[in-house]
Amino acid sequence: LKMIGDYCRYIAENAKGDRLENCKQEALKSYQEAQELSEKDLRACNAIRLGLALNFSVFHYEVMNDVKKACELGEKALQDALDKLDDCSEETFRDAQSIIEL
């Protein structure tokens, strides 16, 4: 689902008209479903979950022109991860840290 969202976001960044609207909606749907699953099944420090949050926030910023939503998504993912860093393995911590720094 994340990859579908990413793919549609990439197309939407250059599309126009109906194709733009279709890509926006497909990306939004895919990202939302992926986010729901990741929050249910993955820990807050998981690199896939953090990468999804980063890409979803870029989607809101770049494609939807919604800076507020982009910041909210990024801040929530960051705070959730920071709250759980002490519970992570060293490897997970390193992976999370590299994404958080972005």
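Values below: all heavy atoms of this structure, side chains included; hydrogens, waters and symmetry mates excluded.
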Q) By the rule that ILVMFWY residues connect when side-chain heavy atoms come within less than 4.5 angstrom, directly or transitively, which residues belong alongside Leu28? A) Tyr31, Leu52, Phe56, Phe59, Val63, Met64, Leu73
Sequence neighbours left out, cut at 3.5 Å: what donor-acceptor pairs do the side chains of residues 12-26 make with other protein atoms?
unit_1: Glu13; atom_1: OE2; unit_2: Arg9; atom_2: NH1; d: 3.3
unit_1: Asn22; atom_1: ND2; unit_2: Asp18; atom_2: O; d: 3.4

If you measure from [atom1] on [X] to [atom2] on [Y], what distance do you get to the nearest 0.5 Å?
X: Glu62; Y: Ser57; atom1: CD; atom2: OG; value: 10.0 Å
X: Asn55; Y: Met3; atom1: CG; atom2: CE; value: 11.0 Å
X: Glu36; Y: Leu1; atom1: CD; atom2: CG; value: 10.0 Å

Q | Ile48 atom CD1: more than 12 heavy-atom contacts under 6.0 Å | A | no
Q | Over all atoms of both residues, closest heavy-atom pair of Ala27 and Cys8 | A | CB-CB, 3.6 Å
Q | Contact summary for Lys2 and Ala34, nearest pair of heavy atoms | A | N-CB, 3.9 Å
Q) Sequence neighbours excluded, which residues qualify as salt bridge (Lys or Arg N to Asp or Glu O under 4.0 Å) partners of Asp80? A) Arg49, Lys76
(Q) Membership question, hydrophobic clusters at under 4.5 Å side-chain separation (ILVMFWY): are Tyr10 and Ile4 in the same one? (A) no
